[in-house]
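Read through the structure below, which is laid out as structure tokens, and then see the notes.
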2 protein chains.
Amino acid sequence: MPETHSRADRFAARLSANRYGNRPTMKDVAARAGVGLKTVSRVVNGEPGVTPETERRVQEAIDALGFRRNDSARVLRKGRTASIGLVLEDLADPFYGPLSRSVEEVARANGALLINGSSAEDPEREQELVLALCARRVDGLVVIPAGDDHRYLEPELKAGVATVFVDRPAGQIDADVVLSDNFGGARDGVAHLIAHGHRRVGFIGDMPRIHTAAERLRGYRAAMEDAGIPVEAAWTSLGVTDPERVRRAAEEMLSGPSPVTAIFTGNNRVTVTVIRVLAEQTRPVALVGFDDIELADLLQPGVTVVAQDAATLGRTAAERLFRQLDGTLLTPERIELPTRLITRGSGELPPAD
Amino acid sequence: MPETHSRADRFAARLSANRYGNRPTMKDVAARAGVGLKTVSRVVNGEPGVTPETERRVQEAIDALGFRRNDSARVLRKGRTASIGLVLEDLADPFYGPLSRSVEEVARANGALLINGSSAEDPEREQELVLALCARRVDGLVVIPAGDDHRYLEPELKAGVATVFVDRPAGQIDADVVLSDNFGGARDGVAHLIAHGHRRVGFIGDMPRIHTAAERLRGYRAAMEDAGIPVEAAWTSLGVTDPERVRRAAEEMLSGPSPVTAIFTGNNRVTVTVIRVLAEQTRPVALVGFDDIELADLLQPGVTVVAQDAATLGRTAAERLFRQLDGTLLTPERIELPTRLITRGSGELPPAD
DNA sequence: CCCGCATCTGACAACGTTGTCCAGGCTCTA
DNA sequence: TAGAGCCTGGACAACGTTGTCAGATGCGGG
């Protein structure tokens with residue numbers, strides 16, 4: 001008999017099997033090793049009170065049968081799944097990759113696995129995902145909310161599911177939240193442009209129903225007001241997110257009756273598109289973007305950004321999550337992490353009036 | 001009584017609770033609605049045979065208690081978890097984000113959740129992760145292997161756990177694998193440099209124990225051999241992966257007795273670092289990199305790359321996974337996706353001898 | 001030689017759900 | 001009005017594991 005089994009073999013096995021293929025259970029292991037069920041359980045879990053000889057026999061049976069403990073049954077019995085859920089907007093976004101990874105690191109350090117899903121910025125999908133995770137009885141949830149009403153989570157909070165929101169606050173419920181100083185960051189970024197002589201500064205950002213977008217817009221307006229510059233309607237473009245519309249928005253504010261000499265972009269995706277548009281312009285236009293982007297320093301000019309630290313955001317949130325699970329943490333808090341202005345050239349261009 | 005509960009309340013609840021906080025069960029719902037247990041199950045699962053009136057009563061009880069079905073128990077009973085596992089190298093790597101996302105999309109289309117973990121290129125950690133996923137009885141596994149011996153998966157394969165390897169083949173077992181044409185892509189990339197007049201072409205890549213790295217190295221050597229160019233030892237640098245060492249490697253091959261006039265880089269991270277080094281050089285050095293990178297077109301010069309399609313890689317793998325679960329797919333296959341040479345300038349620079 | 005104690009092992013129930021099967025009540029027809 | 005058949009609802013076992021508790025075994029001391 002060959003060591004490797006053909007797919008057809010496996011398929012046949014699957015068909016004949018009642019449930020998980022026909023995976024061996026502790027009972028099978030016990031029978032093979034000639035011991036009781038509980039003794040197998042003890043060996044598998046490294047509990048004391050088993051003779052080395054017995055342990056050896058059991059271990060042998062386990063290896064021979066390829067037994068793997070069924071965690072579903074274990075969870076059912078014990079009540080803890082040792083897994084946490086992460087719901088974010090889009091795993092493919094370079095901002096969420098590091099965030100996700102840092103959450104995973106903390107989970108791993110606490111012996112938990114990470115289940116994650118992308119909401120695609122759709123509140124309904126967010127809820128669907130979160131509830132699916134709750135049905136799986138994750139011990140905790142890290143949520144980057146898409147929606148603005150999270151009352152559906154009340155039963156989970158009451159039941160003791162640890163929950164931390166990241167990047168944006170929860171809606172209608174009192175929960176931990178870890179976010180960047182979006183307002184301050186944007187205000188500083190825009191103020192930086194103003195300090196370099198700009199007065200006609202444009203803003204391109206996401207839909208203001210998204211908390212981060214709204215805060216950054218607020219920061220833009222605050223900086224302009226602080227400088228005593230009235231903002232013209234044509235300078236602000238909201239809710240544009242796909243490259244084509246961002247492109248049009250940028251081109252319009254660069255060509256109107258009072259064209260902007262600088263643009264502040266509300267997130268990394270917008271920034272990337274605007275960089276492309278500006279590269280096609282004949283006159284130099286200053287740019288500061290929210291979120292750092294890779295290779296920003298190698299472009300001509302380098303791209304000045306307001307950077308937030310995705311990894312720290314994720315790590316902080318995950319650490320709070322596990323402190324909630326410890327029982328160490330009692331009061332929901334709002335933690336705001338500072339942003340950092342990184343000057344690389346594009347934000348220091350003088351106005352080309 | 002306030003609508004929102006304080007963390008202290010919740011914590012108290014958690015302490016007094018025996019297991020999942022004190023989550024209501026179907027039994028509780030049944031009691032409250034004044035119906036039998038199975039009737040609740042029927043309502044929850046949308047099975048037929050329940051009067052609208054009864055259904056309404058049950059639904060009311062569910063909402064009032066905040067009941068969520070316990071999927072652990074369900075899985076235990078039914079045998080399918082409706083979740084798949086994805087083990088990759090590093091979620092934070094811009095190559096794996098889109099891959100992960102596309103796997104998630106397919107999972108979602110098939111009603112499954114995605115659990116994922118990063119192996120950090122450590123075979124032991126890979127195995128640990130995979131086995132943890134198996135203990136959770138995921139229906140299928142998508143693995144980007146770090147190790148080269150996967151015989152530990154034999155019991156799972158036999159038990160009918162669908163398994164697809166991505167990006168690199170499995171070791172010592174016969175399993176589906178979806179990968180890019182690493183050899184062909186690298187060979188074409190290097191040939192492109194040679195076609196533009198280069199003869200002294202350097203190669204910087206990852207450890208050859210990693211399949212992709214070995215294949216790309218093989219492609220480099222093949223292209224050089226096809227052109228009848230003997231490769232000098234100093235032109236090849238392997239196993240360097242952190243930016244500092246990549247930098248040193250690049251600087252060395254640019255300054256030796258027979259300095260290279262062009263460099264082929266073996267993956268996105270290496271490429272990024274080499275771009276930085278080349279930006280500091282006085283004479284122009286040609287560059288072709290494996291993997292596309294964002295903004296590559298906006299650099300001066302644009303970066304010519306051999307692009308692989310991470311999303312298609314992930315989608316193809318996930319689709320095969322679910323076809324395995326259908327029973328549609330019987331024979332393990334090796335699927336190789338083509339790469340695409342994208343010329344942007346850096347690869348077309350003439351040698352600066 | 002027997003008792004007590006410590007050490008190791010196993011029987012059994014329980015976790016929350018779903019599948020099977022049967023009971024009871026209803027409607028419809030003869 | 002009685003009987004057949006259908007429809008709804010519920011009792012019960014089972015899924016694979018772990019916690020509890022009691023039994024078995026062996027050893028040493030009285």
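Sequence lines set the chain letters: A, B, ... in the order given, protein chains first and strands last, and positions in each chain run from 1. These numbers were taken from a predicted model, which means no experiment stands behind them.
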Round to the nearest Å and state the distance from [X] atom [atom1] to [N] atom [atom2].
X     : N      : atom1 : atom2 : result
B:R42 : D:dG10 : CZ    : P     : 8 Å
B:K38 : C:dG19 : NZ    : P     : 6 Å
A:N70 : C:dC15 : CG    : C1'   : 13 Å
A:I62 : D:dG16 : CD1   : P     : 16 Å
B:K27 : D:dG9  : NZ    : P     : 21 Å
B:L37 : C:dG19 : CG    : C1'   : 12 Å
A:R74 : C:dG16 : CZ    : C1'   : 18 Å

Of the nucleotides [options], which one has an atom closest to the side chain of [X]?
X     : options                : result
A:E47 : D:dG19, D:dG16, D:dG10 : D:dG19
B:M26 : C:dG16, D:dG16, C:dT18 : C:dT18
B:A73 : C:dT17, D:dG16, D:dG9  : C:dT17
A:T51 : C:dG16, D:dG19, C:dT9  : C:dT9

Would you indicate, yes or no, if C:dT17 has its OP1 or OP2 atom less than 4.0 angstrom from a side-chain nitrogen or oxygen of B:S41?
no
Please determine whether a side-chain nitrogen or oxygen atom of B:T39 lies at a distance below 4.0 Å from atom OP1 or OP2 of D:dT8.
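B:T39 to D:dT8 OP1/OP2: no side-chain N or O under 4.0 Å.
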At 4.0 Å (heavy atoms only), tell me whether [X] reaches a base, stays on the sugar-phosphate, or touches nothing.
X     : value
B:V44 : nothing
A:V50 : sugar-phosphate
A:N45 : sugar-phosphate
A:G49 : base
A:R69 : sugar-phosphate

Given A:L179, A:V142, A:D176, A:L153, the one that forms side chain to side chain contact (heavy atoms under 4.5 Å, CB included) with A:F165:
A:L153
Between A:N70 and A:S72 (side chain of the first, backbone of the second, donor and acceptor by atom type, cut-off under 3.5 Å), is there such a pair?
yes
